[in-house]
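Please read through the structure below; I'll follow up with questions.
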Amino acid sequence: MNARGDQSPIEQYFAGCDPRSRQIFEAVRSAIASTGPADVRVSKSQVAFRRRRGFAAVWMPAQYLRGEIAPLVLTISLDRRDESPRWKEVVEPRPGRFTHHLELRTVEHIDDEVLNWLREA
């Protein structure tokens with residue numbers, strides 16, 4: 001809460017969510033911070049990270065889906081298609097720009113491989 005008692009945009013985004021989502025988000029935010037400074041932009045659908053351009057975002061599938069789903073999805077934009085079997089989905093929204101979606105179920109999923117992708121992004 002800020003001095004007026006209002007919630008920050010991040011607190012608002014995660015209000016009422018599965019507590020694991022916020023815990024995993026904090027681990028993602030820490031991992032991104034370890035790669036250098038980044039601007040954070042919060043919308044209704046995601047929390048995005050930018051430097052010169054957007055390079056990563058997190059979102060909660062529970063906003064849209066029901067059933068056995070991951071608490072958080074990390075989306076990373078790369079200039080190439082990465083062939084790791086860990087990706088849930090990889091799309092090319094425009095030529096030469098690939099969006100990779102990774103389901104995160106625990107903090108431990110944010111490992112050295114993920115850190116390398118974040119550095120590359």
Checklist entry - Parallel, tilted or perpendicular: which describes the rings of W59 and H101, with under 30° parallel and over 60° perpendicular? => result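 W59 vs H101 ring planes: perpendicular.
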Item to check | pair R97-R53: side-chain heavy atoms closer than 4.5 Å | outcome: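 Yes, their side chains come closer than 4.5 Å.
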Item to check | Test salt bridge (Lys or Arg N to Asp or Glu O under 4.0 Å) applied to R86 and D111, step by step | outcome: CA-CA 12 Å; R86 293 179 66 183; D111 57 14; 3.0 Å; yes
Item to check | I69 to P61 - nearest heavy-atom pair and separation | outcome: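 Smallest heavy-atom distance, with atoms named: CD1-C, 3.7 Å.
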Checklist entry - Would you call I76 and L118 a side-chain contact if the rule is heavy atoms closer than 4.5 Å? => result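 Side-chain contact under 4.5 Å: yes.
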Next on the checklist: Using every non-hydrogen atom in the two residues, find where V42 and P9 come nearest and quote the distance to one decimal.
Outcome noted: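 Result for this residue pair: CG1-O, 3.6 Å.
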Checklist entry - Salt-bridged, R80 to E120, with N to O below 4.0 Å? => result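 Yes, this pair counts.
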Next on the checklist: Quick check for you: to the nearest 0.5 Å, what is the distance between F14 atom CZ and S8 atom OG?
Outcome noted: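 If I round to the nearest 0.5 Å, the distance is 10.0 Å.
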Checklist entry - Taking C-beta and beyond as the side chain, do I110 and I24 meet within less than 4.5 Å on heavy atoms? => result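 Contact flag for I110/I24 side chains = yes.
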Next on the checklist: Is there a side-chain contact between L104 and F25 in this structure, where contact means two heavy atoms from C-beta onward sitting under 4.5 Å apart?
Outcome noted: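 With C-beta onward as the side chain, the pair stays apart.
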Checklist entry - Can you list the steps and then say if F55 with I32 is a side chain to side chain contact (heavy atoms under 4.5 Å, CB included)? => result CA-CA 10 Å; F55 67 92; I32 288 172; 3.7 Å; yes
Next on the checklist: Could you measure the distance from the CZ atom of R22 to the CE atom of M60? Nearest 0.5 Å is fine.
Outcome noted: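 The CZ atom of R22 sits 10.0 Å away from the CE atom of M60.
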Item to check | Over all atoms of both residues, closest heavy-atom pair of R29 and E26 | outcome: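 It is NH2-OE1, 2.9 Å.
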Checklist entry - V73 versus K88: any side-chain heavy-atom pair under 4.5 Å? => result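 The answer is no, as the side chains (C-beta and beyond) never meet within the 4.5 Å cut-off.
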Checklist entry - Which pair of heavy atoms, one from S21 and one from P71, lies closest together, and at what distance? => result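 S21 and P71 have their closest heavy atoms at OG-O, 2.7 Å.
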Checklist entry - Out of curiosity, does V58 fall in the hydrophobic cluster containing V40 (side-chain heavy atoms, cut-off under 4.5 Å, transitive links)? => result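 Looking at the clustering, V58 is in the same group as V40.
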Checklist entry - Would you call E92-R94 a salt bridge at under 4.0 Å N-O? => result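 A salt bridge is absent here (no side-chain N lies under 4.0 Å from a carboxylate O).
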Item to check | Residues, nucleotides or ligands: over 12 heavy atoms within 6.0 Å of D79 CG | outcome: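 Above 12, so yes.
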Item to check | From CG (N116) to OG (S84), nearest 0.5 Å | outcome: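 Answer for the CG-OG pair, N116 versus S84, is 11.5 Å.
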Checklist entry - Quick one: does T75's side chain get under 4.5 Å of Q46's, heavy atoms only? => result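 Side chain of T75 against side chain of Q46, heavy atoms only: no contact under 4.5 Å found.
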Checklist entry - Y13 versus V47: any side-chain heavy-atom pair under 4.5 Å? => result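 Yes, side chains in contact.
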Next on the checklist: So does A27 get a backbone contact from the side chain of S30, meaning a donor-acceptor N/O pair under 3.5 Å?
Outcome noted: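 Answer holds: no.
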Next on the checklist: Looking at every non-hydrogen atom in both residues, tell me the closest pair between R51 and P37 and how far apart they are.
Outcome noted: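 Where R51 meets P37 most closely, the heavy atoms are NE-O, 2.8 Å.
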Next on the checklist: Which heavy atom of A56 sits nearest to which heavy atom of L74, and what is that distance?
Outcome noted: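 Taking A56 first and L74 second, the nearest heavy atoms are CB-CD1, 4.3 Å.
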Next on the checklist: Do W87 and F98 have side chains that approach each other closer than 4.5 Å (heavy atoms only, starting at C-beta)?
Outcome noted: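 Counting from C-beta outward, W87 and F98 never come under 4.5 Å.
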Item to check | L102 vs V114, side chain to side chain contact (heavy atoms under 4.5 Å, CB included): CA-CA, chis, key distance, verdict | outcome: CA-CA 9 Å; L102 179 65; V114 172; 3.7 Å; yes
